[in-house]
Every structure is written in C-alpha cells, then in structure tokens.
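Presented below is the structure to which this report refers.
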Number of protein chains: 2
Amino acid sequence: MRDVDLERVRALPLFSDCSDDTFRTLTAGAFLQRFPAGTTLLLEGDPVDFLYVLLDGVVELEGTWNDKETTLAILRPVSTFILAAVVLDADGLMSARTVERSDILMLSGAAMRRVMSEDARFAVAVAQEMAGCYRGLVRSLKNQKLRGGLERLANYLITQRLRQGGEPTFALPTEKRMLASLLGMTPENLSRSLAALADYGVEVNGPSVTITRPAVLERLAKPDPLIDNHQPVSGGVTGKAQRERWPQGDDRTHAA
Amino acid sequence: MRDVDLERVRALPLFSDCSDDTFRTLTAGAFLQRFPAGTTLLLEGDPVDFLYVLLDGVVELEGTWNDKETTLAILRPVSTFILAAVVLDADGLMSARTVERSDILMLSGAAMRRVMSEDARFAVAVAQEMAGCYRGLVRSLKNQKLRGGLERLANYLITQRLRQGGEPTFALPTEKRMLASLLGMTPENLSRSLAALADYGVEVNGPSVTITRPAVLERLAKPDPLIDNHQPVSGGVTGKAQRERWPQGDDRTHAA
DNA sequence: CGGCGAATTGACGGACGTCAACTGCTGTGG
DNA sequence: CCACAGCAGTTGACGTCCGTCAATTCGCCG
C-alpha cells in the first residue's frame, strides 16, 4: 500500500486524531483493493467484517424491499462507509456497489472495535463521525418527508453547484437514473422535473446543467441550513457572507 | 434527584459500562426537571447545551420546513435524545416537545464531551449509541422511500403489537394526528388507511386496535428485518423461532 | 452496422393531499 | 346543569402529483 494513500486516510477526521500506535494497528492488517465498475461490495443483510474507505471512484449505497430498490447515498473519495455496522458488529442494512472503478481500503472491523476501547481519542473520533452521519440522515429524512419532488431536485441542483465550486454550470455526478432514485422519484419523473425547471432558469444538456437565474431557482427551492448541508468540498472557497448564513461545519454526507 | 432515577439512568446502555468516576462527574452537574405537556424543550436550529434523558412521559421530535412539519420520532422512557448535536457541539436539527407531562434529566453537554476523551469505555458506548441511532434512521428512510402509506401503516401496527407484548389487541401510543405525521401522511389519509385495513383483519376502536388475522396483515405488510426493528421492549418475551427470524439485537429506535 | 440501455415524451391511472362538512368528546363558563 | 366552543377524528368530493406502460430517440459499445 502506497504512502500517498496512507496519508490520505490519515488525513480523514476519523483518523487524524488517533495515536500513531492505533493507526499502525489498524492499517497493518488492512488491504487496498481495486474493484471494477458495478461490483457489489456488500449485500444488504450480510455480516460486515470490514470498514471500507473509498480512496478513488464512486460507490452507491442502496436499500431494497419487495423488489424495489432505492439509492440512499452516492459516495465520492475520500469517505468511509458502513461504520455503524462495524461499531455494532451487526449485519449491514444497505448494499454497497461500485459505480465506477474504485480503489477501496478495507480495515478489519474486529481491529476497529478492539482499538476503540484502547484509544479514547479514536473512540471519540468514531463517535463524532457517527454523529455527523446521523445528522446527514436526519437531513435526508426531512428532505424526503417535507419536500415534493420538484423541490428536492431544485435543492439538489443548488447544493451541487456550491459543492463544485459555485460556477453557474456544472455536471451531474452520476447517471440520471441513479440520481432519480437518490431523490426518491422515477427516472421518467426526474426527466419531467428537469424540463419543468426550465421555467426557473435551469438549462440541461445531457449531464451538464447551468443555472442561469439562481435567485429564481432559490425562491422555488427555499434551501434551509437545517436540511441542506452546503458545506464546501475541499478546495471550495466560501465567502464570508455565505458562511454566516450556513453556519454548520459538521455533518458527513452520509456513510453507514 | 432520587436514587431510583439514578439507577435507571445507570442501567441505560449508554451509561452501564462507564466508570463510577465518569458517571459521578456526569450526574453531578445534572438536574432532573418535570415539564408539563406541550412544552418545547428545544427548538430546531438552536444550540444544544444538554443531553436529555427521558425518564417518564412522552417526547416528540419534529422537523419543519416551509410551514410544514413532520414528526421524526416519538420517544418513551427510558431514552436519550439529541446525542448527536451534543457530541458535535452543534445546533439541533429537530425540535423536541413533550407530549405528556414528562420527567427529564438534563446532563451538561460540555461535561459529556470532556468525559468522553477521558473514559474510553464511555466514548465507545457513545459511539455504539450513535451507531444504533444511525441504523434506526436508515430503517426510517428505507421505510419512507420504499413503501407506500398503507404498507407503512400495516408494518407500524405489526411492530406496535410486538412491542406491547404480542397480544392481538393493543393501544395506539399517541394521538392519531401525530401518528399520521410520523408515518408521513395526513390525518385524513391515516383515517382512510385504517378503514382500508378492515379488509385485512384490523379492527379499530378509538385508540384501541385489534389484529384478528395476523397472517393476512403480514402478507400485505411484508415486514423485513432490515427495515422493521422488532426488538422486544423490556419485559417482552421473545420466542426462539422469532429470534431466529429477527436476529438483530442492536439499534435504538432513534434519538437525535 | 446492429443492438442495447439511458433518456425523453405522452397517455393513463392510482395514490395521496386539500377542502369542506359533519360527528363526538371534553372542558369551560354562564 | 346545561350550552357552547374547540378540537380530534371521520367521511366525501375533488384535484394534483407521481408512478406505470409504451413508444421513440439517442449515444455507446460490441
């Protein structure tokens, strides 16, 4: 395993604060693996033996019931997933699939649990990570229950624009069918909703979206700091005025 | 504060494993307070200074957006809430309201955070609690996105019956309007859905519900261990056969 | 060049929200 | 003690949003 990758893992909030000993123990038994697109890493209901760390690529977390499935999160590097199942040594509640070819680090779940009780700082970091994930899900649930499809889409676009640097035009991060599932609608309906947003200054061209009149779109979307987590991604420059309106700094995007 | 109450708090998974020192530190600065029904304990977006422990009564957690509100959880004793905000020292993402007169223990959030980094066992317990809450929310989100209103209701009734001891007739734990909000529907629609379940052997009389043909109702509901957390509540006796079908033992019902 | 799957569009139906009227219960004040 | 206001719950009518089915186009990869 390359030092570069090790550095990137060490830089994660989850690991940045633990002792060198702890970090060595965790990474000693770990292995880095490259998966092709479309690989199922973990099946809903199966026991979870590893903590996964996505270093490169894209991973989808999905849930199933009665032959229907829904996307619960779309992960990009660097993020960890299925932490909750690891902490509790329980079966996974969702499946994990690579969307593109992905480099994934796998850390022994047993080692994680062992090390937690020895390194309080690490245990605290795990608790904080879990808390951030929890809050991400609270946001998702409010988003789902309180907003209609069009509003969810509008807010999603606003969030994406900010996450990708704030330029008026940006690219959708995945296939539209997956995006539809994430937003809790059918692909057909996403298509129609995107068309409907033309009236609000949204131009769509394949995966490329440009927001020509942000103010108009915002009046429809009514974004809310208690639902939409507009934290800028690494490299994003956040203006002072904006930081004041969106004071949250915590919250992971998700991750089980 | 009475010893009886202290014992009950100490018995919670969150506190059962920490050192006496830790527990004393936490409870030293704590106070037990009795609130009348309908009291807002915490407003969405406000900073959170305390970890709340519900010792008696009923508390509702709710979220708001655009003049609409939705119930995210209904808590009964003994449970903690807004742990996530305390761990991250962040603003609450949901409001908390007493539904009935409630006895609530309030623990200093600052003390919680301080003590976590000193007592690894406690930090682990916090991480586990957060993980359980997280998984509860994953279930909620799947429930919301994958099932229709009637199916959510049917599963809710099945879960309630099991939680209350498995008798064919049991009582709804709250007003129907709040239940409707929890299930993500309007009161009118809950009313209609309950009526519709008559065909599946459900008899409703005010707050009292009796399930006359469980098998028929289950065929509609299709309960799933990866969504419905049928863990029996204290005192509930779980048969062996059932334990095998529902092997989960973890997961808190929710709690922020 | 042919085929498959993603995306779009239209037509249709069902589920769910909204509005309104009515019932029954409870607590309050004359 | 009764009248009445107020609210939870129910029921009906209606409209809208959204899912389903089908047909078509487009781009990509074999």
Side-chain angles (χ1 to χ4, degrees), chain A residues 36-38 58 60 65-71 74 97 99-101 143-154 156-157 171-199 202-209 220, chain B residues 36-38 58 60 65-71 74 97 99-101 143-156 171-200 202-209 220-221:
Chain A
V58 179
E60 173 197 23
W65 179 75
N66 197 223
D67 297 323
K68 288 193 287 262
E69 61 178 63
T70 189
T71 302
I74 297 171
R97 255 185 68 244
V99 177
E100 304 174 356
R101 172 149 59 88
N143 190 37
Q144 191 65 34
K145 289 182 75 175
L146 290 167
R147 305 216 260 227
L150 196 66
E151 294 158 339
R152 286 197 296 274
L153 174 58
Y156 177 83
L157 294 180
L172 297 175
T174 66
E175 273 181 345
K176 286 184 186 146
R177 77 171 21 255
M178 192 178 299
L179 178 56
S181 179
L182 180 68
L183 293 174
M185 49 176 111
T186 59
E188 294 95 323
N189 238 319
L190 172 60
S191 208
R192 280 185 263 268
S193 296
L194 280 172
L197 286 182
D199 296 343
V202 175
E203 291 168 10
V204 182
N205 216 301
S208 157
V209 175
L220 168 68
Chain B
V58 179
E60 173 196 23
W65 178 76
N66 195 225
D67 296 324
K68 287 192 288 263
E69 61 178 62
T70 190
T71 302
I74 298 171
R97 258 186 67 242
V99 177
E100 306 174 355
R101 172 150 59 87
N143 190 37
Q144 192 65 34
K145 289 181 74 176
L146 290 168
R147 305 215 260 227
L150 197 66
E151 294 158 338
R152 287 198 296 273
L153 174 58
N155 280 292
Y156 177 84
L172 297 176
T174 66
E175 273 181 346
K176 286 185 187 145
R177 79 172 18 256
M178 191 178 299
L179 179 55
S181 179
L182 179 68
L183 293 174
M185 48 177 110
T186 58
E188 294 94 325
N189 238 318
L190 172 59
S191 210
R192 281 187 262 268
S193 296
L194 280 171
L197 286 183
D199 296 344
Y200 298 87
V202 175
E203 291 169 10
V204 181
N205 216 300
S208 157
V209 175
L220 167 67

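Computed from heavy atoms alone, side chains included, the values below leave out hydrogens, waters and symmetry copies. So that the names make sense, note that chain A is the first sequence line, chain B the second, and so on, each numbered from 1.
Judged purely by atom type and a 3.5 angstrom limit, A:Lys145 uses its side chain to pair as donor or acceptor with the backbone of B:Leu182. Between the B:Thr71 side chain and the B:Ser181 main chain, no donor and acceptor come within less than 3.5 Å of each other.
Going from atom CG of A:Asn205 over to atom C1' of D:dC26 covers 13 Å, rounded to whole Å. Computed from coordinates, the A:Arg147 CZ to D:dC18 P distance equals 14 Å when rounded to whole Å. Following rounding to the nearest Å, A:Arg152 (CZ) and D:dC17 (P) show an atom-to-atom distance of 13 Å. For B:Arg177 and C:dG17, the CZ to C1' distance is 14 Å, given to the nearest whole Å. Atom CG in B:Leu183 sits about 18 Å away from atom P in C:dA15, given to the nearest Å. The CG atom of B:Leu197 sits 14 Å away from the P atom of C:dA15 (whole-angstrom rounding). Taking atom CG on A:Leu194 and atom P on C:dA6, their separation rounds to 17 Å, with Å as the unit. Regarding A:Lys145, its NZ atom lies at a distance of 11 Å from the P atom of C:dG17, rounded to whole Å.
With A:Leu153 as reference, A:Leu194 is the one residue of A:Leu220, A:Asn189, A:Leu194 to meet the side chain to side chain contact (heavy atoms under 4.5 Å, CB included) rule.
Distances were taken from every side-chain heavy atom of A:Glu188 (C-beta onward) to each of C:dT9, D:dG19, D:dA13; the shortest belongs to C:dT9. Here the nucleotide nearest the side chain of B:Ser191, chosen from C:dT9, C:dG17, D:dT11, is D:dT11. You'll find that the side chain of B:Ala195 is closest to D:dT11, out of C:dA11, D:dT11, C:dA6.
Between B:Asn189 and C:dC16, a side-chain N or O to OP1/OP2 separation shorter than 4.0 Å is absent. Remark: A:Lys176 is in phosphate contact with C:dT8, judged by side-chain N or O atoms under 4.0 Å from OP1 or OP2. Considering only side-chain N and O atoms, A:Thr186 lies nowhere under 4.0 angstrom from the phosphate OP1 or OP2 of D:dC18.
Side-chain contact check for A:Val58 versus A:Met178: every heavy-atom pair is 4.5 Å or farther apart. When side chains are defined from C-beta on, A:Ile74 does not count as touching A:Val99, because their heavy atoms never get closer than 4.5 Å.
Scanning atom types as modelled, one donor and one acceptor separated by under 3.5 angstrom connect the side chain of A:Arg192 and the base of D:dT20.
Across all strands shown, B:Gly206 has no heavy atoms under 4.0 Å from either base or sugar-phosphate atoms.
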